[in-house]
Structures are given as C-alpha cells and as structure tokens.
Amino acid sequence: QVQLVESGGGLVQPGGSLRLSCAASGSIFSINAMGWYRQAPGKERELVATITSGGSTNYADSVKGRFTISRDNAKNTLYLQMNSLKPEDTAVYYCNADLRAYFRGSYDLYWGQGTQVTVSS
C-alpha cells in the first residue's frame, strides 16, 4: 500500500551536480523524519542526510557543505541536491521514511529500491 520510489540517479563527472527525488505514495497517514542513505560496493550502508517533518536537517561529515536535503510535504516527496560530486560519492542511494500508513496504528520504516549514482571521468 505504501512505497517509496527514487529517481534522478545517473553518471556524472567529478565536480558535477545531480538532484535525487523520492516520492512516497499510497495510503499515508503521516511522515515524520525522512532520509537518504547510500551503499557503495563492499561498504556498509551509511546515512547521508536526514530531515524532520519540521525541516531540521543533519548531514554526514563527508557530504556537509556539498549536499542539501529538502522535502515537499504537500507532495510527500524528498529531495537531495548533490553538488561538487566526488568519485567517492559513487553508490546506490536509498530513500527512507519513518511513516505511518493510514490503516496501521504505529509508525514503521520504509525503504525505496535505490537509485545508482556514479561519479567518474
């Protein structure tokens, strides 16, 4: 009933920019925090950035100053603007939401399927 779908990934040269989107759809009652995570080959999945329902943000040190997380609550959509991309940013990027479905009495964590970001010359 609820799904998160990422889009916007692709191949970009070092120093380039990319914007990822994550659209939440289905019978959604409310969404608290949302976030972006990433996983590079041979690495553990790591947190990139989070944003609360009120707009408070935090970032991993590795992306601070280069990435910006935002959300459009009316559209249930999450964004990640990525600037000054580096090869080490190459990973599959996943959207996460702390979300309550309409017919459930509690919040749960939902994950998207991921979108590939490759930074290479």
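These figures come from a predicted structure and were not determined experimentally. In what follows, residues are counted from 1 in the order of the sequence shown. No hydrogens, no waters, no symmetry mates; every other heavy atom, side chains included, goes into these values.
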Assigning hydrophobic clusters by single linkage (Ile, Leu, Val, Met, Phe, Trp, Tyr; side-chain heavy-atom cutoff under 4.5 Å), is [X] placed with [Y]?
X: V12; Y: M82; result: yes
X: Y59; Y: M34; result: yes
X: I28; Y: Y110; result: yes
X: F103; Y: F29; result: yes

Mind checking whether [X] and [Y] have side chains closer than 4.5 Å, heavy atoms only?
X: N32; Y: Y107; value: yes
X: D108; Y: L99; value: no
X: R66; Y: S17; value: no
X: L109; Y: N96; value: yes
X: I31; Y: S53; value: no
X: S30; Y: R100; value: yes
X: L85; Y: F67; value: yes
X: L20; Y: Y79; value: no

Heavy-atom donor-acceptor pair, E6 side chain to C95 backbone, under 3.5 Å: yes
Can you check whether L4's main-chain N or O pairs, donor with acceptor, with W111's side chain at less than 3.5 Å? no
By side-chain contact (heavy atoms from CB on, under 4.5 Å) - contacts of L47 (at least two apart): Y37, T50, N58
Q1 atom CD: more than 12 heavy-atom contacts under 6.0 Å: no
Counting only heavy atoms from other residues, nucleotides and ligands, does the tally under 6.0 Å from CD of Q39 exceed 12? yes
Do R45's NZ or CZ and the ring of Y94 fall within the cation-pi criteria of under 6.0 Å and 45°? yes
Show the nearest heavy-atom pair for residues [X] and [Y], with the distance to one decimal.
X: I51; Y: S70; value: CD1-CA, 3.8 Å
X: G8; Y: L18; value: O-CG, 3.5 Å
X: S62; Y: R38; value: OG-NH2, 3.4 Å
X: T90; Y: A40; value: O-CB, 3.6 Å
X: I69; Y: G35; value: CD1-CA, 4.2 Å
X: S27; Y: V2; value: O-CG2, 3.9 Å

Passes side-chain contact (heavy atoms from CB on, under 4.5 Å), Q13 versus S121? Steps please. CA-CA 5 Å; Q13 294 186 1; S121 298; 5.6 Å; no
Is a salt bridge present between K64 and D61, judged by a nitrogen-to-oxygen distance below 4.0 Å? yes
Gap between atom NZ of K75 and atom OG of S21 - 0.5 Å precision: 10.0 Å
Output, in order, the C-alpha distance, side-chain angles, deciding distance and verdict of side-chain contact (heavy atoms from CB on, under 4.5 Å) for N76 and R71. CA-CA 7 Å; N76 287 334; R71 62 193 287 174; over 6 Å; no
